[in-house]
Amino acid sequence: MEKIRKLFGGIDLSWKKVIIWAIAAGAYTAIMAMLPIARNTSFADLTVSFEVWILFGIIIIMNSRSPVDSALKCVVFFLISQPLVYLIQDLINQSSLFITYYRYWFMWTVATVPMGFIGHYMKKDKWWGLLILTPILILLGDQFSGYLSKTMFSFPRHLLTTVFCIITLIIYPLCIFKNKINKILGTAVSGLIITVMTVLCLVNPPVYSTDILSDGEEYNFDGTYSVYLTDESYGELNIRYEEAIESYMVHAEFKKAGKTEFVLESPNGEKTTFDIEIERDTFDVVKK
């Protein structure tokens, strides 16, 4: 635990270290975004969400010498690392991700100036330090909820990110504060966030709702047909008529990711079987 605490105030964080760290973080993130094997895994999650970047920001804040030093190092770190994520991908893939996506991250980068300045006052170890930390804990709790839902749907994908969110929610109040009351209250807040988000995910389990087959393209069917998954644990299928496009559709309510089959059966018993690979927000259908 002492080695972990050193991250939150025991590092001589020079400007040289900040710049090298920013370059390394940006390059690593770009690589994870491009590696096919990392797609839809915990290793690529930092390309789209905040949990790891929150840790980087807090480490910078806690190892800076003053509020101004904290604000400047935070903004420089993100001004280097975030553009690199997209520029490296654009250079290698001849894409235009920087123009398309960096605007969003640039707004967050600008926000690190006041966040870094105000966040430095957590080092005062006063009761209001917990008020400064709480919005960050709530943001991290939102990330935890999203990844817990993804893990439930696509286990064990995103499990490492889910665990990472839990661990950081707990260690932030324990390692940022020395005051015992702040530690207890901060840990209680984190525990409450973890509990509430977990209950919400369990009460409202993830469902991927989508249409997977259309009448009139390669196949013909109507409301007299039936359709079903060979393994019902993956969810439910039904045929419904979409008035907007005047066509029958096979609609799916998927409960988990994986590979299975579904059968389209005519009124006279003729069956057409399909392989389907389900992911959290996409699918692939192939006729057998």
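Just so it is clear, the values below take in all heavy atoms, side chains as well, and ignore hydrogens, waters and symmetry mates.
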K.L.:
Step through it carefully: locate the ring centre of Phe56, locate the ring centre of Trp21, and say whether they are under 6.0 Å apart.
P.N.:
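When the ring centroids of Phe56 and Trp21 are compared, they turn out to be within the sub-6.0 Å range.
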K.L.:
Can you find a side-chain donor-acceptor pair between Asp69 and His120 that sits under 3.5 Å?
P.N.:
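Per modelled atom types, Asp69 and His120 side chains form no pair under 3.5 Å.
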K.L.:
Please determine, by modelled atom types, if Ser233 and Lys256 share a side-chain donor-acceptor pair under 3.5 angstrom.
P.N.:
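Their side chains do contain a donor-acceptor pair, which is all the 3.5 Å distance test asks for.
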K.L.:
Using a distance-only test with no angle check, is there a side-chain donor-acceptor pair under 3.5 angstrom linking Tyr147 and Ser49?
P.N.:
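Result is yes, a qualifying pair exists.
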K.L.:
Would a distance-only check, ignoring hydrogens and angles, find a side-chain to backbone donor-acceptor pair under 3.5 Å from Lys287 to Phe274?
P.N.:
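No; judged by distance alone, with no hydrogens or angles, the pair does not exist.
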K.L.:
Asp215 side chain to Ser247 main-chain N or O, any donor-acceptor pair under 3.5 Å?
P.N.:
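No: the side chain of Asp215 does not pair with the backbone of Ser247.
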K.L.:
Is it true that, when you exclude Tyr225 itself, more than 12 heavy atoms of the residues, nucleotides or ligands shown sit nearer than 6.0 Å to its OH?
P.N.:
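Yes, OH of Tyr225 has more than 12 neighbouring heavy atoms, counting only those of other groups under 6.0 Å.
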K.L.:
Inspect the surroundings of CD in Glu261 and state if more than 12 heavy atoms from other residues, nucleotides or ligands are less than 6.0 Å away.
P.N.:
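For Glu261, atom CD is crowded (more than 12 foreign heavy atoms under 6.0 Å).
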K.L.:
Can you confirm whether the side chains of Ser95 and Asp90 place a donor and an acceptor under 3.5 Å from each other?
P.N.:
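Yes, because at least one side-chain N or O of Ser95 sits under 3.5 Å from a partner of the opposite role on Asp90.
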K.L.:
Take Tyr248 and Phe221 through the ring pair (Phe, Tyr, Trp, His ring centres under 6.0 Å) test and state the conclusion after the steps.
P.N.:
CA-CA 7 Å; Tyr248 286 93; Phe221 56 90; 7.1 Å; no
K.L.:
Using the ring of each side chain (for Trp, its six-membered ring), is Tyr208 parallel, tilted or perpendicular to Phe254, with breaks at 30° and 60°?
P.N.:
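If you compare the ring of Tyr208 with that of Phe254, the planes turn out tilted.
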K.L.:
Compute whether any side-chain donor of one residue and acceptor of the other, for His251 and Asp211, lie under 3.5 angstrom apart.
P.N.:
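Yes, a side-chain donor-acceptor pair sits under 3.5 Å.
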K.L.:
Hydrogens and angles aside, do Tyr121 and Trp128 bring a side-chain donor and acceptor to less than 3.5 Å of each other?
P.N.:
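Side-chain D/A pair, Tyr121 to Trp128: absent.
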K.L.:
More than 12 heavy atoms of other residues, nucleotides or ligands under 6.0 Å from OH of Tyr228: is that the case?
P.N.:
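Counting other residues, nucleotides and ligands, OH of Tyr228 exceeds 12 neighbours.
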K.L.:
I would like to know whether Lys150 and Glu279 meet salt bridge (Lys or Arg N to Asp or Glu O under 4.0 Å); could you show each step before the answer?
P.N.:
CA-CA 10 Å; Lys150 289 181 179 181; Glu279 295 188 17; over 6 Å; no
K.L.:
Under 6.0 Å from the CZ atom of Phe50, do we count more than 12 heavy atoms belonging to anything else shown?
P.N.:
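Correct, the count exceeds 12.
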K.L.:
Within the distance-only criterion (no hydrogens, no angle test), does the side chain of Asn63 pair as donor or acceptor with the backbone N or O of Gly9 below 3.5 angstrom?
P.N.:
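Pair found, side chain donor or acceptor close to backbone of Gly9.
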K.L.:
Does the side chain of Thr162 pick up a donor-acceptor pair with the side chain of Thr151 at under 3.5 Å?
P.N.:
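Side-chain D/A pair, Thr162 to Thr151: present.
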K.L.:
What distance do Trp53 atom CH2 and Ser81 atom OG have between them, rounded to the nearest 0.5 Å?
P.N.:
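With rounding to 0.5 Å, CH2 (Trp53) is 4.5 Å from OG (Ser81).
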K.L.:
Quick check on Lys17: does its NZ atom have over 12 non-hydrogen neighbours (other residues, nucleotides or ligands) under 6.0 Å away?
P.N.:
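Yes - once you tally the heavy atoms of other residues, nucleotides and ligands closer than 6.0 Å, there are more than 12.
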K.L.:
Can a donor-acceptor pair be found, under 3.5 Å and without considering hydrogens, that links the side chain of Lys123 to the backbone of Met62?
P.N.:
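Looks like yes, one N/O pair under 3.5 Å.
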K.L.:
Is there a donor in the side chain of Glu253 and an acceptor in the side chain of Ser209, or the other way round, less than 3.5 Å apart?
P.N.:
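Side chains of Glu253 and Ser209: pair found under 3.5 Å.
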